[in-house]
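In what follows, a structure is listed as structure tokens, so that the remarks can point back to it.
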Amino acid sequence: KTTTPDIFETRESAVRGYSRSWPATFAKAHGAKQWDEDGKEYIDFFSGAGALNYGHNNPVVMNPLVEYLQSGAVLHSLDMKTPAKREFLETFQDLILKPRGLDYTVMFPGPTGTNTVEAALKLARKVTGRQHMLSFTNAFHGMTLGSLSVTGNSMKREGAGIPLTNSSKIPYDDYFDGEIPDFLWLEKVLEDSGSGVDKPAAVIVETVQGEGGLRAARAEWLRALSELTKKHDILLIVDDVQAGCGRTGSFFSFEEAGIEPDIVCLSKSISGSGLPMALTLFRPELDAWEPGEHNGTFRGNNPAFVTATAAIKNFWADNTFQNELADTIAALHQRLDSIVEKAEGASIRGRGLLAGLHFEDDEIAGKVAAEAFDNGLLLETSGPKDEVTKIMPPLTISSHDLEQGLDIIEAAVLKFAP
Ligand code: PMP
């Protein structure tokens, strides 16, 4: 059904990336599968870059959405109060925050991940009165200027076109392989007032670097980071936009480390349906905003509140889903273990269902992704050189679809890295 000349090629900006890697026109989707206009089936190990943790068109969220759309309720309401927003806030409080002993004020910063990061950085600066930020090598936090300033990808940073100031990149945990993780060096710098390093307002960190090559921080390292920030009165922001909402096996990716960030950024799968939504969570005493100080037209996406509420009620009301998820994670990692045993120069990256295969030869990950596409599997690459094959199926994927996708990966890996 492709029209010639293809309007996507002639009229859409060249900035598009995914449609170049996957030059199909996708028309239908369900669960962990999607189909192009010609009916070719693809298994989805991409999950809308992490926005579709519960799969495509999951009836659990779609049925309440359709009902809401037909009910005559308010669709657009900026930040006004609505019953849909109330139900989301209550559900999030009762089923997510309370059982985890977390006390956060919830803010709707705008529709996307980059919006929640911007809000977190602004709030941290306002609360502390300091401007400097610390973030990590290979970090990804978004495409707007503030979030880009804490992003650790040179190519993306150059795209800003202006100097990105007021932030320093420090080495992420993967630089300290095998060593006891501590921040003694950083502590010394912070205590040396003449060092020329400004005390930061906050440190922003991903527990697993989704875009930066699936580098995963160790729990001990995160705990050491958390202790350092507490000791020096620096705010700790966890960007859980990609690693959150169950991706690593628990609702928040930092639960395993047992840390409590001052500020948490959520987006992508928080709506449960792929509808745009973001949250910024912060300790109640940090609520320094004046009314209207951080506004935006699309902060109150009621259809997204409806699907978010349904997803939380269905998946996070008890441990059933999380236990099933643990089995899926174990099955994936068992299979990845066996693939890297057979493949030359391959190793496993990531945590939970935010996993990757790193190859010593930087070219291989891209070849594996292209071969996978030809064989009906959507697979992204990650890392500054696209040197990691990224494996991010919906959390709800069936073991049949998971194994089928992994068969395609294994065949491709053994073709290029035998
Ligand atoms: N933070 C992280 C960790 C992300 O992975 C992303 C998106 N990949 C963002 C922020 C930005 O989110 P968005 O693309 O929705 O603006």
Side-chain angles (χ1 to χ4, degrees), residues 15-18 21 45-53 107-122 124 133 135-153 155-157 159-160 164 167 169 172-174 202-217 222 236-248 252-254 261 263-281 294 296 298-299 301 304 308 349-356 380-384 386 388 390-392:
V15 76
R16 69 196 185 279
Y18 293 119
S21 313
F45 273 20
F46 170 59
S47 303
L52 293 163
N53 280 3
M107 169 188 177
F108 302 102
T112 75
T114 205
N115 293 137
T116 171
V117 171
E118 291 290 340
L121 300 178
K122 277 171 72 176
M133 291 288 163
S135 63
F136 292 95
T137 49
N138 294 302
F140 185 87
H141 297 293
M143 284 287 106
T144 50
L145 290 177
S147 57
L148 201 50
S149 74
V150 286
T151 288
N153 177 303
M155 187 271 263
K156 297 244 169 15
R157 292 173 63 80
L164 296 169
S167 91
K169 305 294 156 301
Y172 194 68
D173 189 25
D174 62 304
V203 178
I204 181 165
V205 66
E206 299 160 272
T207 66
V208 182
Q209 296 184 320
E211 306 299 320
L214 284 312
R215 296 159 218 269
L222 289 168
L236 178 63
I237 305 170
V238 170
D239 179 348
D240 237 1
V241 165
Q242 187 158 168
C245 301
R247 236 328 116 195
T248 63
F252 294 107
S253 74
F254 52 82
I263 305 179
V264 181
C265 299
L266 285 177
S267 185
K268 292 203 192 266
S269 277
I270 186 62
S271 77
S273 54
L275 287 172
M277 178 171 167
L279 295 184
T280 315
L281 311 176
H294 186 93
F298 290 109
R299 286 170 295 152
N301 188 341
R349 288 262 183 100
R351 197 153 65 84
L353 292 190
L354 187 51
E380 208 192 351
T381 55
S382 174
D386 288 318
V388 180
K390 186 172 182 181
I391 300 166
M392 192 163 57

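Heads up: numbering here begins at 1 and tracks the sequence. What you see is a predicted model, and the numbers here were worked out from it, not measured in a lab. The analysis underlying the following values was restricted to heavy atoms, covering all of them including side chains, and did not include hydrogens, waters or symmetry mates. When a ligand or atom number is given, it counts from 1 through the structure's own listing order.
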Residues that Glu380 engages under salt bridge (Lys or Arg N to Asp or Glu O under 4.0 Å), provided they are two or more places apart: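 Scan of Glu380 (salt bridge (Lys or Arg N to Asp or Glu O under 4.0 Å), adjacent residues dropped) gives Lys390.
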Can a donor-acceptor pair be found between the side chains of Thr114 and Ser147 at a distance below 3.5 Å?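 Yes, side-chain donor-acceptor contact under 3.5 Å.
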Using only heavy-atom distances, determine whether the side chains of Gln242 and Glu211 contain a donor-acceptor pair under 3.5 Å.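 Note: Gln242 and Glu211 side chains meet the donor-acceptor criterion.
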Find out whether Val238 and Thr207 are in side-chain contact, i.e. whether some heavy atom of one side chain is under 4.5 Å from a heavy atom of the other.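 A side-chain contact under 4.5 Å exists here.
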Does Gly113 offer a backbone N or O that forms a donor-acceptor pair with the side chain of Thr116 under 3.5 Å?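 Looks like no, no N/O pair under 3.5 Å.
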Short question: side chain of Ser273, backbone of Leu275 - any donor-acceptor pair under 3.5 Å?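 It does hold such a pair.
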Neighbouring residues of ligand 1, heavy-atom cut-off under 4.0 Å: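 Residues within 4.0 Å of ligand 1: Thr112, Gly113, Thr114, Phe140, His141, Gly142, Glu206, Glu211, Asp239, Val241, Gln242, Lys268.
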